[in-house]
Amino acid sequence: MEEEKIANAKIIIIDDDVNMMEMLSVILKKYGHSVYTYTEPVSAIEEMKANKYDILIVNYLMTPVKGDKIVELVREFDKEIYIILMSVHKDLAPSIDVMRKLDIQSYFEKSNRFDQLILMIQSGIKYIEQLNKIKNMDKKLEHYLVDFAQILIKVVGAKDHFTEEHSKRVAMLCSIFAKKLNLSSKDFSDLQIAATFHDIGKIGIPDSILLNQGKLTDEEYNTIKLHPVIAANIFSVSDIYKDIYPIIYSHHERIDGKGYPEGIKGNQIPYLAKILTICDCFDAIISKRPYKEESSIEFALSEIRKNSGTQFDTELANSFIELISNNKEEIENFLNNC
Ligand SMILES: [Fe+2]
Ligand SMILES: [Fe+2]
């Protein structure tokens, strides 16, 4: 077979047959690939955890750990690596079901037909390139979504400047609180989006009520209380934001069940909504509004303490009070510049 240079891949080979492995290594290097060989699976797996590889070539029949077990362990932390399983004879290979379950993309029967293996590696490189393209598209899409979110915030701001500013501050407070709570990156990002848009439902409230600077009648107040429902309706049309709208929908619920719109209590309330509620109320208390003066941080914290266990989750309230009390100056600076 004529040697043809193909794109360079980072390949790791695990095989207890040293001669075979060395032969493979020499051939693959000739094709421009970077090749790393291991006879011992445990150290190979440690290496793969520490460094990213494109392709794994693993022998099936090894002792004491068989190739499919190695793949199972690798798949726990790397779903992307392209895997080629080798065996001396196809009768000794695992079943197709096992290969499918473990997401093993190729099977190579050990022989001198290395051209077949080279073709498999080319397929692996194409697979990785496609995967990278999809990832880039996801990044672009995310970027567009953030852009679109900025437009939506401005739409809200055009009608109600207080809500726009308040939402920005609540999102910042949530991000600081989320870091203290060690939220996963998915929860962190869901909370950020929910905080940014938690009051977007106010867009559906008549101006005469929303911008009313005086005291609201009961009927007007009940209309304002519809804003989580309106917001959740807006977000429910989007599949991408399907995890966001329950957080927004529940941001006025209370632990004692006296909140709205559902009056759910305790652990019925989504965890991220409970975090959002605390940051939301804290900002509402310290902010100046047309109908009220701003209050001090100390007063806001005393209100959160007073209402912990009834309005707010006790553990989260304590954690938030500790966070703000220990970083009062930074929080004050950030709120002034927000
Ligand atoms: Fe709200
Ligand atoms: Fe709010």
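Below, each value reflects all heavy atoms present in this structure, side chains not excepted, and no hydrogens, waters or symmetry copies. It should be emphasised that the depicted structure is a prediction, and the values quoted were computed from it without experimental measurement. Each ligand, and each atom within it, is numbered from 1 in the order the structure gives.
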* **Atom name in His252, limited to N/O/S, at shortest distance from the Fe ion (ligand 1)** => NE2

* Asked: Which atom, counting only N, O or S, brings His227 closest to the Fe ion (ligand 1)?
  -> NE2

* List the steps, then state whether ring-ring contact (aromatic ring centres under 6.0 Å, His included) holds for Phe312 with Phe320. => CA-CA 11 Å; Phe312 309 115; Phe320 184 79; 8.8 Å; no

* Nearest 0.5 Å please: distance from the CD1 atom of Ile45 over to the CZ atom of Phe77. => 6.0 Å

* Protein N, O or S atoms lying under 2.8 Å from the Fe ion (ligand 2), listed by chain and number -> His166 NE2, His198 NE2, Asp199 OD2, Asp280 OD1

* Give a yes-or-no answer on whether the side chains of Asn318 and Glu322 include a donor-acceptor pair shorter than 3.5 Å. => no

* Criterion side chain to side chain contact (heavy atoms under 4.5 Å, CB included) on Met62 and Thr39, from CA distance to verdict -> CA-CA 10 Å; Met62 289 194 291; Thr39 51; over 6 Å; no

* Structure fact -> Checking Leu181, Ile275, Thr196 against Leu191 for side chain to side chain contact (heavy atoms under 4.5 Å, CB included), the one that qualifies is Ile275

* Structure fact -> Sorted by chain and number, sequence neighbours left out, ring pair (Phe, Tyr, Trp, His ring centres under 6.0 Å) with Tyr249 holds for none

* Answer yes or no: is there an ion pair linking Asp313 with Lys274, defined by an N-O contact shorter than 4.0 Å? => yes

